[in-house]
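Here the structure comes first, spelled out in structure tokens, and everything after it is commentary.
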Amino acid sequence: MKFQVISKYTPQGDQENAIKKLSSGAIKGNKFQTLWGVTGSGKTYVMAKIIEKVQCPTLIISPNKTLAAQLYEEFQTFFPKNNVHYFVSYYDYYQPEAYIPSTDTYVDKDVKINDEIDRMRHAAVQSLLVNKDTIIVASVSAIYNLGDPKQYDNVIKQFSLNQKMTELGLMEELIKLQYERNDYDLSRGKFRKRTNFIDVWTSGTDEIVRMQVSSGKISSIEVSKAPFGSFKKADRIAMYPAKFWVSENNYADVLPDIQKELDASLAKLKKQGKLLEAERLKRRTEYDMAMIRETGFCSGIENYSRYMEGRKPGEPPYSLLDYFPKDFLLFLDESHIAVPQVKGMYFGDKARKDTLIEYGFRLPSARDNRPLKFEEFEAIKKRTIFASATPADYERDHSSQTVEQIIRPTHLLDPEIEIRPTENQIKDIIAEIRKKVEKKQRVLVLTLTKKLAEAVAKHLEENKIKAQYLHSEIKTFKRTETLANLRKGKFDVLVGINLLREGLDLPEVSLITILDADKEGFLRDDTSLIQIMGRAARHPEGKVIMYADSITGSMKKAIDLTQKRREIQDKYNKEHGFKPQPIIKEIKDTFKDQLPEEETVLPKKEFLNEYIKELNSKLDLARRNLQFDKAAQLKEKIDALKKKLKD
């Protein structure tokens, strides 16, 4: 199916020009282009229209999970008939394996995997293999090692009615696909054996496949919605791997190569007099090899990925980008953050691995289980569009064209800017806040430290102003809940640090006050100031007050650019007779895939425990993805089912 944007919007202002130029450049094969769009100019809509024009599979990389989730929701809205997927790190908690020589402390790998996000990752990859109309919104985890796409594709198993098969043979095929047998607790990525059939909970879907074998062939295939829906008959089924680490070859075949590297590493360590390290490496590696030999898998098997994928030392790993066709389209959203982020991933991983290798915890080949180097990432990118309100030198220098998007569809202007002295600044802020509160408008106050943020919020409360503070020590769930409460008017002023920059859509905010605006540094450089001021550009009365006793180079650069844009926007509005329109935006959940309004058929009572377990998994995901209404709905349903169990 072709990509089709379904939206009540039509291109406005600079959007039409941006869509035309950037889609034309992508069709011509331009490697790098930049969409330089002011905050609130509808860059996401322009990206969607470019995808519709170019008509090829698309990857959108966002700097963090929260922004990725927002984009995922928006692209689902724009492309309801196409395949839009979400690919981020599936760890709720991740402590990588590490060693600290100064304290002789070894930290074992410790992870908590989010089962639902793991399913979404598999669903994204599986869609790429069968659907050309696939859009994946991803975090920077897209550049991490994912396994060979050819091997993943080659091991996909087709099962059909009357296919020659024994029960033992069927279970062996499932184990090759990395499904685990568990006859007592069926969950995603596992299968169970019953007297007359085998149930498989597939990796990328919420489906259970039931297959029956009799007289040496598959006599029945049925599919049900997990955990216990009604089964429907099927003639055939494609079974995708339960894990990305799969191979059409036997993993045990690579053991001689691992042994050869182990022998060389042991000899080197002993020559250096590192007998303890040599013994440690010998025991750990031989244990892993024994597990691979007996079960085809081991904990930390990704550290041997170079051998399993047939890569040479130093060759780039396979990542999500390799699962896309060669002509795919790539967007780097908030590129001024995403580009440096991608650049730094390899070096952080290498530093940790070097220490593990030096002290005998891993073989040198573990280095090849890594994220892409930036130059490798650049080599894969064929048609890339950077999108940012503040593109950095890298984007502008490498782009064949940079298209500015200054005019907003709402015709809102960039905010007015005032510079005021720091003397009596809190008293002045309180007076300005009271003016805005009378109009039922919201205010952001930006500080440089957490301590000051808390103190300012407390002082405002003491002056009978409803205020809260926000900083990095507040958990993600609470942060987003706080932002939602600000928009709802449960309080009027939010005090924070740099968490009020990229990706926050707060159309009720009409005033931003910046304390210590003249303190040069990361939080007050021109990029940060432009992003901060952009938060006030979503309100017709948008205003920024900088408290400073001098004008720094960063302040001047940010103010000059903002005022220049404001003049262009004002001139355009007057020439065309437009008036700035307020943004009316619903306060809604991040994800659209809500529960059905009501489950009309519940599983039998003996299956309720498993059903509750599945609902708890969805409740956990809803909470982590900040879907408040959905979480409340799930919690209410779980409580009702628990009560039913007791009755």
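The model shown is predicted, which means the values in this text are computed figures rather than measured ones.
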Practice task
Sort out for me which residue in R487, H539, K488 forms a side chain to side chain donor-acceptor pair (under 3.5 Å) with E508.
Solution key: R487
Practice task
State plainly whether the residues K353 and D349 are in salt-bridge range, i.e. N to O under 4.0 Å.
Solution key: yes
Handout entry: Pair listing, ring pair (Phe, Tyr, Trp, His ring centres under 6.0 Å) test, anchored in residues 426-460, at least two apart
Key = none
Exercise for the section: Answer yes or no: is there a donor N or O on one side and an acceptor on the other, between the side chain of R442 and the main chain of L486, under 3.5 Å? Expected result: yes
Problem - E541 with K435: basic N within carboxylate O range, under 4.0 Å - result: no
Exercise for the section: May I ask you to test the L529-K557 pair for a side-chain heavy-atom distance under 4.5 Å? Expected result: no
Exercise for the section: Give every residue pair that meets the ring pair (Phe, Tyr, Trp, His ring centres under 6.0 Å) criterion with at least one member in residues 408-433, sequence neighbours excluded. Expected result: H411-F578
Handout entry: R367/D354 ion pair, N-O < 4.0 Å
Key = yes
Fill in the blank from the handout: Heavy atoms of L511 and K436 approach each other most closely as CB-CE, 3.8 Å
Problem - R352 bridged to E97 by N-O distance under 4.0 Å - result: no
Handout entry: Y72 and Y86 aromatic ring geometry - parallel, tilted or perpendicular at 30°/60° bounds
Key = tilted
Practice task
Carefully, step by step, assess D492 and R434 under the rule salt bridge (charged side-chain N to carboxylate O under 4.0 Å, His left out).
Solution key: CA-CA 10 Å; D492 300 305; R434 295 196 192 283; over 6 Å; no
Practice task
Verify side-chain contact (heavy atoms from CB on, under 4.5 Å) between I407 and I568, making sure each step is shown before the conclusion.
Solution key: CA-CA 8 Å; I407 307 301; I568 293 171; 4.2 Å; yes
Handout entry: Partners passing ring-ring contact (aromatic ring centres under 6.0 Å, His included) against F374 (at least two apart in sequence or in another chain)
Key = Y394
Problem - Least distance between heavy atoms, T39 atom then G534 atom - result: CG2-O, 3.3 Å
Exercise for the section: Step by step, work out the side-chain contact (heavy atoms from CB on, under 4.5 Å) result for T44 and Q70. Expected result: CA-CA 10 Å; T44 305; Q70 291 175 6; over 6 Å; no
